[in-house]
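Counting begins at 1 with the first residue of the sequence. Just so it is clear, the values below take in all heavy atoms, side chains as well, and ignore hydrogens, waters and symmetry mates.
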Amino acid sequence: MEIKEEGTSEEGQHFLPTPQANESGDFQLTGIQKTPNEPPLEFNLACKDLVAPVRDRKLNTLVQISVIHPAEQGLIRYCSTEIVEGTRDPLFLTGVTFPSEYPIYEETKIKLTVYDVKDKSHDTRSFLGCASFKVGDLLRSKEQPLALSLRTSDGGKVVGTIEVSIVKMGEIEDGEADHITTDVQGQKCALVCECSAPDGVSGKDNSPFLSAVLKNPVCKLYRFPTSDNKWMRIREQMSESVLSFHIPKELIALHIKEDLCRNQELKELGELSPHWDNLRKNVLTHCDQMVNMYQDILTELSKETGSSFKSSSSKGEKTLEFVPINLHLQRMHVHSPHLKDALYDVITVGAPAAHFQGFKNGGLRKLLHKFETERRNTGYQFIYYSPENTAKAKEVLSNINQLQPLIATHADLLLNSASQHCPDSLKTSLKMLSEKTELFVHAFKDQLVRSALLALYTARPGSVLKKPPSPKSSTEESCPQDPLPPMRRQDSIPHHSDYDEEEWDRVWANVGKSLNCIIAMVDKLLEGDGGEESGDNKEGEGDLAAVDAIVTHPREDWYEQLYPLILTLKDCMGEVVNRAKQSLTFVLLQELAYSLPQCLVLTLRRDVVFSQALAGLVCGFIIKLHTSLHDPGFLQQLHTVGLVVQYEGLLSTYSDEVGMLEDMAVGISDLKKVAFKITEAKSNDVLPAITGRREHYVVEVKLPARMFESLPLQIKEGQLLHVYPVLFNVGINEQQTLAERFGDVSLQESINQENFELLKEYYTIFMEKMPPDYISHFQEQNDLKGLLENLHQNIQAKKRKNVEILWLAATMCRKLNGIRFTCCKSAKDRTSMSVTLEQCSILRDEHQLHKDFFIRALDCMRSRQTQGALNESDDPESGCLSDNKPTSRHFYPVALLLVSSHLLVVWLILSLALLLAKYQ
């Protein structure tokens, strides 16, 4: 009977509802004993002596696996094997695995249906036979394969045998050698495959900690022969991440807090002249609207339930624009007979880009350059501050907000030590107060503060300025008299030559003088008490005189003698903070006032792109940390140098994807602003938290106590861990061919060259900072210098579709213990082709995959058939693994674009001919 089966909503790896026993207890289900978070059941399939419906026909065999739950008695399609062509004794390389969350019991029935596929492009196949078994029967068979007779639909005629062999990746398993014959490119190849299971597999890739971050795993199981005719076993897993929504929500909440604080500072700027006051009102109106929009988006994201990733069909939705597209972990777990188990992780995600806002005017790279060019040539209404000065203003404001409360706290601790008359505690408190106050004073050494004070003074209504006396250096900390930052049209912003700049110097220096008085007082108190005299006496004669005037009664309480000095320090600090905050807020007003609402639109776009990039980075960092937690070399590298994060881009430089690439380049570059800090989790909530501001973020990664204790001391003490993001892009689709022949690829070339320099910089730091013994061992294992030179040569060669750039960058990343990302427009077609090709190349180069089985292994990983949904689109959004194969036959050659770009021309001609023939 020939049928053409249609896909249904039941196909794929769906979880069955857990049954509940009825009141009479008609059935009891026996659970399967398994390692926590390990698959409860995995098995391989092989058929023997299949009977063809037509004599002398070579069978193209496929097995459909279905699950019959004992409580439901409904048939649910679960998955399928690959198609094995041209033999009546097929041995399937694709196995069957059930995720740890799948409700499977010993009473569960598995139905195996064997088909002869006659036309793969149209899924036309004929039924051969079927068999079923209970899971308990397979478990009791232990090492022996479970042999089942395949029968026709009426249960009569036997059409062959199917053997089910249980797989135990974590145990030693004795088995006899199987002699199989496989047709490889028309040539019969006899292989002796010894069914010996791998050594125990550690469960380090599965833990409650990782389970809190990764959700809904989809697994595939393979067995491939090695070059010495042994079996290697591969478990491929794709998981969603809850961080897809968690990180954007954390980031948006942080933006709202930052923007509300900035708006309040603008309101507290004081009285301004009508021109500047109107600008401030206009800025506040637009900023309040932006905050309201962020609050609405955060509210909508909080309502999102169900799937923990954003599908590509939702990339244009306004409420989801901060969420990355198709963020998934692609993990390959390899067990080969002679090598240690290995894990290979790739994070796949759609290119970080503002799809909702569109790409009509380009992406961030182009828009930011245009914006800055126009700002430099602005009219007389504004004062131009460079992006560096604006970033510096934000940094100083952030330091002020952090240091002022710290200084106040340490000052109170000093008074508390004085009241207790404890010399040791007094000296410790003084040391902490001195360190924080010196950092505070140092923050205002920048000339930007001085020039901002003048600019703000000129913006006050009716400001009257008087000429100062001859400049004199009253303190060592006084700033030099440098010119103001560039101003356009000085007639609009009056320049007052009689502005008393030394007034700021005096206010600023008073903080240091107040600290010196406190130090002198503590020294005298300790000296009078018989304690050691402090060796860090910094005060001058004037400070000593001031202290002598206060210390009139040596026996007086320490607290009473220190309190006036502490109060003076706080007053001086408050005066400095008030003036500096207002002046630097005025700098930020210039950035916001120009070209409203364009400035805020760019800020929104950059926030959107950065949010998508950060969600992927945090996911990759946590997974990498968890996987390498017991590697001392990695942990030393983490806190000594940091981690390289390599993004493999597959976007073309044609049409809208140019804008996507421009967005992606800026978003990945902005990840340099991110640092990580690892802390001990105090509760069951191990999801990361984000602090900081737009120019500097700190991601707090929480580890359970047992894992946290294994970390080096530097990391446990809160040292910030840095990342070095690099992006290498090579367009591989048909649009890139058009761009290379008729368009412009300079964007791709410049991005690759810039990021090569960043990778080279990381390599240099790595070689300089890591210990010599580690470097010597590392160089023996890896030829990084050769890889780097080869990468540089390939970038300079400017060869069309030079995917060698991607291979070299990925190899360097893996050898440097980095984090790997693969991105295209939606993290589907191109991404899946790249990931599967990379996985098979790793199996060939690192695990001795048999050379004759490379193409077949690649076909298995890319096959839609192995996912159970024969007519269903094979992508992460349909619940299947990542590897897509287009449904139309004449689109299949696109898969070969990673191998040769010249095939594309032939593909275009043949596709056009097929379309013309179809519609004529």
Side-chain angles (χ1 to χ4, degrees), residues 261 395-445 477 507-540 543-544 546-581 677 679-680 682 691-692 698 700 713-714 716-720:
C261 180
E395 180 183 354
V396 174
L397 282 172
S398 176
N399 291 337
I400 291 173
N401 293 330
Q402 291 177 6
L403 290 172
Q404 186 182 15
L406 284 176
I407 293 173
T409 300
H410 289 303
D412 292 339
L413 290 174
L414 183 68
L415 288 176
N416 185 52
S417 299
S419 64
Q420 296 176 2
H421 211 278
C422 179
D424 291 338
S425 177
L426 192 68
K427 287 190 286 186
T428 301
S429 300
L430 178 63
K431 180 181 178 182
M432 297 300 297
L433 177 64
S434 300
E435 290 177 356
K436 298 302 179 185
T437 306
E438 287 172 3
L439 288 175
F440 179 84
V441 172
H442 182 75
F444 299 104
K445 282 189 175 182
E477 292 87 358
V507 173
W508 172 56
N510 283 340
V511 176
K513 290 181 178 181
S514 299
L515 176 64
N516 289 339
C517 288
I518 293 172
I519 293 174
M521 174 62 75
V522 171
D523 287 344
K524 282 197 169 290
L525 292 174
L526 293 174
E527 183 181 358
D529 194 59
E532 294 182 4
E533 185 174 351
S534 172
D536 296 329
N537 197 331
K538 300 180 181 179
E539 74 280 2
D543 296 331
L544 284 171
V547 171
D548 289 339
I550 296 175
V551 187
T552 55
H553 304 286
R555 296 293 180 182
E556 189 177 355
D557 183 58
W558 287 4
Y559 180 90
E560 296 297 332
Q561 297 184 58
L562 280 174
Y563 180 75
L565 300 179
I566 295 295
L567 194 61
T568 301
L569 174 65
K570 289 183 177 180
D571 290 342
C572 293
M573 187 172 61
E575 178 68 17
V576 170
V577 167
N578 183 54
R579 294 193 181 203
K581 267 192 173 183
K677 183 171 70 173
T679 61
E680 182 179 353
K682 302 301 182 182
T691 57
V698 176
E700 179 185 347
L713 181 62
Q714 296 91 333
K716 290 195 287 187
E717 289 179 346
Q719 179 179 328
L720 293 182

What closest approach, in Å, do Ile400 and Ala580 show between heavy atoms, and which atom pair accounts for it?
CD1-CB, 4.0 Å
Would you compute the distance between atom CD of Glu435 and atom CG of Leu430 and round it to the nearest 0.5 angstrom?
10.0 Å
Give a yes or no on whether Lys677 atom NZ has more than 12 heavy-atom contacts from other residues, nucleotides or ligands under 6.0 Å away.
no
Once you round to the nearest 0.5 Å, how far does CD of Gln402 lie from CG of Leu397?
11.5 Å
If we only count heavy atoms from C-beta on, is the Ser514 to Val511 side-chain gap below 4.5 Å?
no
Can you tell me if Ser419 uses its side chain to pair, donor with acceptor, with the backbone of Asn416 under 3.5 Å?
yes
Roughly how far, to the nearest 0.5 Å, is NZ of Lys427 from CG of Asp523?
10.0 Å
Between CD1 on residue Ile518 and OG on residue Ser429, distance to nearest 0.5 Å:
12.0 Å
How many angstroms lie between atom NZ of Lys513 and atom CG of Asn510, to the nearest 0.5 angstrom?
6.0 Å
If you look at every heavy atom in Pro405 and Asn401, which pair is closest and at what distance?
CD-O, 3.1 Å
Any non-hydrogen side-chain atom of Thr691 less than 4.5 Å from a side-chain atom of Glu700?
no
Can you see which heavy atom on Val441 is nearest to which on Gly512, and at what distance?
CG2-N, 4.4 Å
Would Leu525 and Gln561 satisfy side-chain contact (heavy atoms from CB on, under 4.5 Å), going step by step from the backbone distance to the final call?
CA-CA 9 Å; Leu525 292 174; Gln561 297 184 58; 3.7 Å; yes
Could you give the side-chain donor-acceptor pairs of residues 564-574 under 3.5 Å, partners two or more places apart or in another chain?
| from | atom 1 | to | atom 2 | distance (Å) |
| --- | --- | --- | --- | --- |
| Thr568 | OG1 | Pro564 | O | 2.9 |
| Lys570 | NZ | Asp412 | OD1 | 2.8 |

Nearest-0.5 Å distance, CG of residue Leu414 to CH2 of residue Trp558
10.5 Å
Any non-hydrogen side-chain atom of Phe440 less than 4.5 Å from a side-chain atom of Leu406?
no
